[in-house]
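Everything below concerns the one structure shown next.
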Amino acid sequence: MINATILSAFTLSGLNDTTMKHRVTLFSLTLMCYIVILFVNGALIFIIILEEKLHEPMYIFLGNLCLNSLYGTAAFYPKFLFDLLSNTHVISYTGCLLQVFVIYSYAATDFSVLALMAYDRYVAICRPLEYHSVMTKHRAVVLAFFSRLLPLLCQTILMIMTSKMELCGSHIEKLYCENWSILKLSCNSITTNNIVGFIIIFFYFGHDLFIFCSYVQLVKYTLKSREGRRKFMKTCVPHLLCLLNISVALLFDLMYTRYGSSSISPSVKNFMAIQFLMIPPVLNPIIYGLILTQVRNSFFSLCKVNKQVKALG
């Protein structure tokens, strides 16, 4: 029996011999993807900070969503890029728990922020006269803060429980550390960990139900007027696309991790394991940047100012 307190490292086996034959190509594509994530999310955060007219609750929440993407992907991409260039895929015990903590607090925070954005759109469209008194900038900042704090607290509880387990192995069959993969190494019963884990999972997928209910009210209201339909298409459609994006991505990962078939090819396994760290962080800022007029106009305005400054220089 191996005690968790004396286990120093885990071995990651997601990268097999076939995959490593194409390591240069995979490294290039992964690096390109990470650069795109850094650029599109960083650019949107930069625009929201610089443009005073974007200092509104909806854009504060959007900036928080982009910041969260940078936070979550930082736990995966640097380590994965290093592993692609290395012949040994090892991660320290502490580093493994930290990776689990960051990746899954990132996923939970995405749901929290999207729920706040749904509530913001509900108040803006269904209760427009009360909007500025209900959704003040100060309240938006406080809500954004708690949307990050609660997932961190939930994940802290899980990590404390995981760190107290006695482990009988150190081999993780994935590209990165994942809580369920660690639980499977336990020498003892993991019933309590599973119960707490499922409570947290259902709590955050319950955010989807809250968002659905808010959108039922939004659709009822917007059908009454052309202006309401315009607002819905302009600000709610990108939000729904982002919600669908992260929900489907995480559902695939959670269901496959627990119930996936061993007959699935390693390439499909790897894609299903990382798609929620790849697709939402790339698409979310692009969706909002293309659809939201104020964001798009602010981007072109800043680009124009930058060109003028260079010309004068």
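Worth saying up front: this structure is predicted, and the values here are computed from it rather than measured.
- V134 and Y59 fall within a single hydrophobic cluster, where Ile, Leu, Val, Met, Phe, Trp and Tyr side chains are chained together by heavy-atom contacts under 4.5 Å.
- Although no hydrogens or angles enter the test, the distance criterion places a donor-acceptor pair under 3.5 Å between the side chain of S105 and the main chain of F101.
- A single hydrophobic cluster is seen to contain both I286 and V113, as judged by linkage of ILVMFWY side chains at heavy-atom distances under 4.5 Å, directly or through other members.
- In this model, no donor atom of one side chain and acceptor atom of the other lie less than 3.5 Å apart for N284 and S69.
- With values rounded to the nearest 0.5 angstrom, C154 atom SG is found 11.5 Å from I201 atom CD1.
- How far CG of L54 is from CD1 of I47: 8.0 Å, rounded to the nearest 0.5 Å.
- Across V90 and K79, no two heavy atoms sit closer than the pair O-NZ, 2.6 Å.
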Start with the C-alpha distance between T109 and Y71, add both sets of side-chain angles, then the distance that settles side chain to side chain contact (heavy atoms under 4.5 Å, CB included), and finish with yes or no. CA-CA 10 Å; T109 301; Y71 162 77; 5.6 Å; no
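- Contact record, V102 with G72: CG1-CA, 4.2 Å, taken as the closest heavy-atom pair.
- Just one residue in the list F76, F80, Y77 forms a ring pair (Phe, Tyr, Trp, His ring centres under 6.0 Å) with Y34, and that residue is Y77.
- Heavy-atom neighbours of H132 NE2 from other residues, nucleotides or ligands within 6.0 Å: at or below the threshold of 12.
- Contact of the L38 side chain with the L70 side chain is registered, since non-hydrogen atoms from C-beta on lie closer than 4.5 Å.
- For the pair Y104 and E178, the minimum side-chain heavy-atom distance is below 4.5 Å.
- Rounding to the nearest 0.5 Å gives a distance of 9.5 Å between CG of N68 and CG of N41.
- Aromatic rings from H207 and Y204 are positioned such that their centres are separated by under 6.0 Å.
- The environment of F146 atom CZ is sparse: at most 12 non-hydrogen atoms of other residues, nucleotides or ligands sit within 6.0 angstrom.
- In this structure a side-chain-to-backbone donor-acceptor pair under 3.5 Å is missing from T30 to F27.
- Of all non-hydrogen atoms in S181 and K174, the two that sit nearest each other are OG-CD, 4.2 Å.
- By the 4.5 Å heavy-atom criterion applied to side chains, V123 and P57 are not counted as neighbours.
- The closest donor-acceptor contact from the side chain of S147 to the backbone of A144 lies under 3.5 Å.
- When every heavy atom of L277 is checked against every heavy atom of I37, the shortest pair comes out as O-CD1, 4.0 Å.
- The closest side-chain heavy-atom distance from Y93 to S170 is not below 4.5 Å.
- A side-chain contact (heavy atoms from CB on, under 4.5 Å) with F46 is found for one member of L44, L50, I49 and no other, namely L50.
- Enclosure of atom CZ in F212 is not indicated, since only 12 or fewer non-hydrogen atoms of other residues, nucleotides or ligands lie within 6.0 angstrom.
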Step-by-step side chain to side chain contact (heavy atoms under 4.5 Å, CB included) determination, Q155 to V100: CA-CA 9 Å; Q155 200 60 39; V100 173; 4.0 Å; yes
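- Put simply, CE on M117 and CG on L143 are 13.0 Å apart, with the number rounded to the nearest 0.5 Å.
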What's the verdict on side chain to side chain contact (heavy atoms under 4.5 Å, CB included) for F10 and Q99, showing C-alpha distance, side-chain angles and the deciding distance? CA-CA 12 Å; F10 291 99; Q99 190 175 53; over 6 Å; no
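- The aromatic rings of Y176 and F276 sit perpendicular, their planes meeting at an angle over 60°, well past the 30° parallel limit.
- Looking only at side-chain heavy atoms (C-beta outward), T73 and M278 stay at 4.5 Å or farther from each other.
- By the criterion of side-chain heavy atoms lying less than 4.5 angstrom apart, applied directly or through intervening Ile, Leu, Val, Met, Phe, Trp or Tyr residues, V141 is not grouped with L116; the two fall into different hydrophobic clusters.
- Note: the hydrophobic cluster containing F202 does not contain I195 (ILVMFWY, side chain heavy atoms under 4.5 Å, direct or indirect links).
- When all heavy atoms of L167 and I182 are compared, the pair lying nearest together is CD2-O, 3.8 Å.
- Between the side chain of H55 and the backbone N or O of I48, at least one donor-acceptor pair lies under 3.5 Å.
- Residues I172 and C96 come closest through the heavy atom pair CD1-SG, 3.8 Å.
- The distance from atom CE of M58 to atom CG of D120, rounded to the nearest 0.5 Å, is 7.0 Å.
- In this structure, the side chains of R23 and N87 come closer than 4.5 Å at one or more pairs of heavy atoms.
- Atom CD1 of I157 sits about 12.0 Å away from atom CG of N193, to the nearest 0.5 Å.
- Within the 4.5 Å cutoff, the side chain of I211 has no heavy atoms near those of the F111 side chain.
- Under the 4.5 Å side-chain criterion, counting only non-hydrogen atoms from C-beta, P285 is not in contact with L65.
- In the hydrophobic clustering of ILVMFWY residues, with side-chain heavy atoms under 4.5 Å counting as a link, L31 and L29 come out apart.
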